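Here is the structure we will look at.
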Protein chains: 2
Amino acid sequence: MTDTPARLLNLLSLLQTPREWPGSELAERLEVSPRTIRRDIDRLRDLGYPVEATKGAVGGYRLVAGAAMPPLLLDDEEAVAIAVGLRAGAGHAIEGIEEASVRALAKLEQVLPSRLRHRVITLQAATIPLTRGDGARIDPHTLTAIAGAATGQERLRFGYRAGDGTETKRQVEPYRLVSTGRRWYLVAYDIAREDWRTFRVDRVSEPFATGSRFVPRELPTGSATELLGHTMSRQPAHNIDVTFEAPAAFVSARLPDTLGAPETTGEGTCRLRARSTDSLEWVALRLALVDCEFMVHGPPPLVQYVTDLGARLVRATPVR
Amino acid sequence: MTDTPARLLNLLSLLQTPREWPGSELAERLEVSPRTIRRDIDRLRDLGYPVEATKGAVGGYRLVAGAAMPPLLLDDEEAVAIAVGLRAGAGHAIEGIEEASVRALAKLEQVLPSRLRHRVITLQAATIPLTRGDGARIDPHTLTAIAGAATGQERLRFGYRAGDGTETKRQVEPYRLVSTGRRWYLVAYDIAREDWRTFRVDRVSEPFATGSRFVPRELPTGSATELLGHTMSRQPAHNIDVTFEAPAAFVSARLPDTLGAPETTGEGTCRLRARSTDSLEWVALRLALVDCEFMVHGPPPLVQYVTDLGARLVRATPVR
DNA sequence: CTTATATAGGTCGTGATCTGGCCTATATGG
DNA sequence: CCATATAGGCCAGATCACGACCTATATAAG
């Protein structure tokens, strides 16, 4: 208990609550002399954690933003909140940080006390995510298990359901997890097939790290995303074409950036031409939320879906 | 650099990557003898962090889940991912952990390096949240500023726009931030008015912690939520009444728990009666996503909205 | 079974470090 | 001006950390 490193960690933890701490109070809490507290503050500063101090009668210490992230000391509830937030985001994550998001989740879940784990699962079950992709929902557990195996360089076993529905058992050396905004892919070396393969994560079932380590092979093509190239290009995408009866600024403020920006076509009208790999349901929803009159020109499946959805909604209310 | 506590923090950071670390590798990285590493591992265990070790030829150390959360050591990208995730969740957060979520965000943003801060803001701006409430979007910055002032016991100055649109300047002693799932409220002691007040956070502008500390007063009514009671009861709520042409299990699996569960009314039909404070737009959206025929009986505004939305969608496609 | 390699931990001597106490300097708010 | 806060130098004594060398033990591969 009375160990120096332990006290430093405790001190960091205390300073992380957003308030000012007078040195005397810290000394009392940590059961050391004020002189030692001053030395500890010095030590933290040497370690790169910027502790700000205000002098004078109402002064105190406070941890502020610095050059590097200090270790985050979370209480139980905060840890649960972060885990739930990241899990909710793992499915239809924010553009550009999907990989980091999963890494952070894997890191957190690795050390999350088990009594908190079931709370996270319960809370997450209560939220039904809006599927942004085509309904192929991804289990956060699968994602973190794969991510963990990849960074830990452990061989991975899982069941894989191919496009035609046939289920196979795979054992691979996971290389990298990549996200395309809409879908997750695992690039890995398939041991039995003695070649590199890409797997769609939503088709992976029961991933299990065998625990046996491996030394990463060199990718033949150079980079993981390159290997994904031809898989990606086969992805179905829609050429969206919609006109809105509202200014372009109004529309773009209500549409996600991933759909691109509409161009002004006249007084109070604009047109959106975009290539999207998002699901039609998602696109239709976003269009409906723009809250102005619009006209869908294509693609035909989207026209069909919007027509059907509109008809269903009209049927859903009593005729006047 | 050659400090013992610094090395321990580094060690914790290394062990947090989900992989196994042989003692020799750790020794090399931290530039100490393997014996010292073993001692450090011992120290970490004494501190309560469960370091698991596997013996044998391919053994190594690894941090596992224990009784308490160890300090999370995040790299830049992971920190950004968490911040963005929490911010996105702050608006329409997950039931039951809103407060903890905001606390975690406040803690993180307090120490987030400024070069990461603008990345967070940029990324967040790219995502347009589906407003679950009635469009009164809440600025995460406002939320964290208030939360920080409340836990730090600092006086707070802000502009407040009353229901009739008049803007007033307030200076308060913030007591607690409470969330009702749909809305955020600040319970505080208004210094000028010398009484307790509740403020809607979405009407607060430019919160600013003055830095002057105060000793928390006793709440006259006992608890913050109690004080909120009469404010809350004036909240508009809708009595939703919808029948679905699908089994209750099918429907409840596609509806959020907050709307309650539908009851079976016949062979393949069910009825949902719920009281909701969510916005009509949100409810209509969720209903449309159930993906089956349904009929909205009430409330009248919801019927109207669904009719209008359906009509707009029908108009949005070329007539055949 | 044998061998290699990993964790686990005891012991010891040297040298560094940490602590508390006491001192002064300095900035701030009332 | 005064009380109170941070900042930090100096010193003496106790403690602790380190590396080196040792043995015990579990595991995987051959």
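Scope of the values below: all heavy atoms of this structure, side chains included, with no hydrogens, waters or symmetry mates. Residue numbers begin at 1 in each chain, while the letters A, B, ... track the order of the sequences. Treat the numbers as computed from the prediction; the structure is a model and nothing was measured.
- Judged by distance alone, the side chain of B:S101 and the main-chain N or O of A:A81 form no donor-acceptor pair under 3.5 Å.
- Between B:P22 and A:D40, the one whose closest nucleotide on DNA chain C sits nearer the 5' end is B:P22.
- B:E25 places its CD atom 11 Å from the P atom of C:dT7, with the value rounded to the nearest Å.
- In this structure, B:Q16 contributes its side chain and B:L73 its backbone to a donor-acceptor pair below 3.5 Å.
- With axes fitted over five pairs at each extremity, the angle between the ends of the helix from C:dC1-D:dG30 to C:dG30-D:dC1 is 60° (10° resolution).
- Atom OH in A:Y61 sits about 13 Å away from atom C1' in D:dT4, given to the nearest Å.
- The phosphate of C:dT11 (OP1 or OP2) has no side-chain N or O of B:R35 nearer than 4.0 angstrom.
- A salt bridge between B:R193 and B:D195 is absent, with no side-chain N of the basic residue lying under 4.0 Å from a carboxylate O of the acidic one.
- At least one side-chain nitrogen or oxygen of B:R45 sits closer than 4.0 Å to the OP1 or OP2 atom of C:dA8.
- The pair A:R62-A:E20 counts as a salt bridge, with a side-chain nitrogen and a carboxylate oxygen less than 4.0 angstrom apart.
- As rounded to whole Å, 13 Å separates atom P of D:dA7 from atom CG of A:D46.
- A salt bridge between A:D40 and A:R43 is present, with a side-chain N of the basic residue lying under 4.0 Å from a carboxylate O of the acidic one.
- Panel note: side chain A:R103, backbone A:A147; no donor-acceptor pair is recorded below 3.5 Å.
- Within the nucleic acid shown, A:P34 has no heavy atom closer than 4.0 Å to any nucleic acid atom.
- Between A:T4 and C:dT19 there is a side-chain N or O to OP1 or OP2 distance below 4.0 Å.
- Side-chain atoms of A:R38 and base atoms of C:dG20 include no donor and acceptor less than 3.5 Å apart.
- Separating the CH2 atom of A:W21 from the P atom of D:dT4 is a distance of 21 Å, rounded to the nearest angstrom.
- Contact between the side-chain N/O atoms of B:R43 and the OP1/OP2 oxygens of D:dC18 is found at a separation under 4.0 Å.
- Screening A:F199, A:Y189, A:W196 against A:Y175 for a ring pair (Phe, Tyr, Trp, His ring centres under 6.0 Å) leaves a single residue, A:W196.
- Taking atom CZ of A:R39 as the reference point, atom P of C:dC22 lies 14 Å away to the nearest angstrom.
- Atom CG of A:D42 and atom C1' of C:dG20 are 16 Å apart (whole Å).
- Listed pair B:R7 / D:dC18 meets the phosphate criterion, a side-chain N or O lying under 4.0 Å from OP1 or OP2.
- In this structure, B:R157 contributes its side chain and B:K169 its backbone to no donor-acceptor pair below 3.5 Å.
- Taking atom CD of B:E28 as the reference point, atom P of C:dA6 lies 12 Å away to the nearest angstrom.
- Between A:T36 and C:dG20, a side-chain N or O to OP1/OP2 separation shorter than 4.0 Å is present.
- Between the CG atom of B:L26 and the C1' atom of C:dA6 there is a distance of 13 Å, rounded to whole Å.
- With distances taken from any side-chain atom of A:K55 to the nucleotides C:dA8, C:dT19, D:dA7, the minimum falls on D:dA7.
- Heavy-atom nearest nucleotides on DNA chain D were determined for A:A53 and for A:P5, and the one closer to the 5' end corresponds to A:A53.
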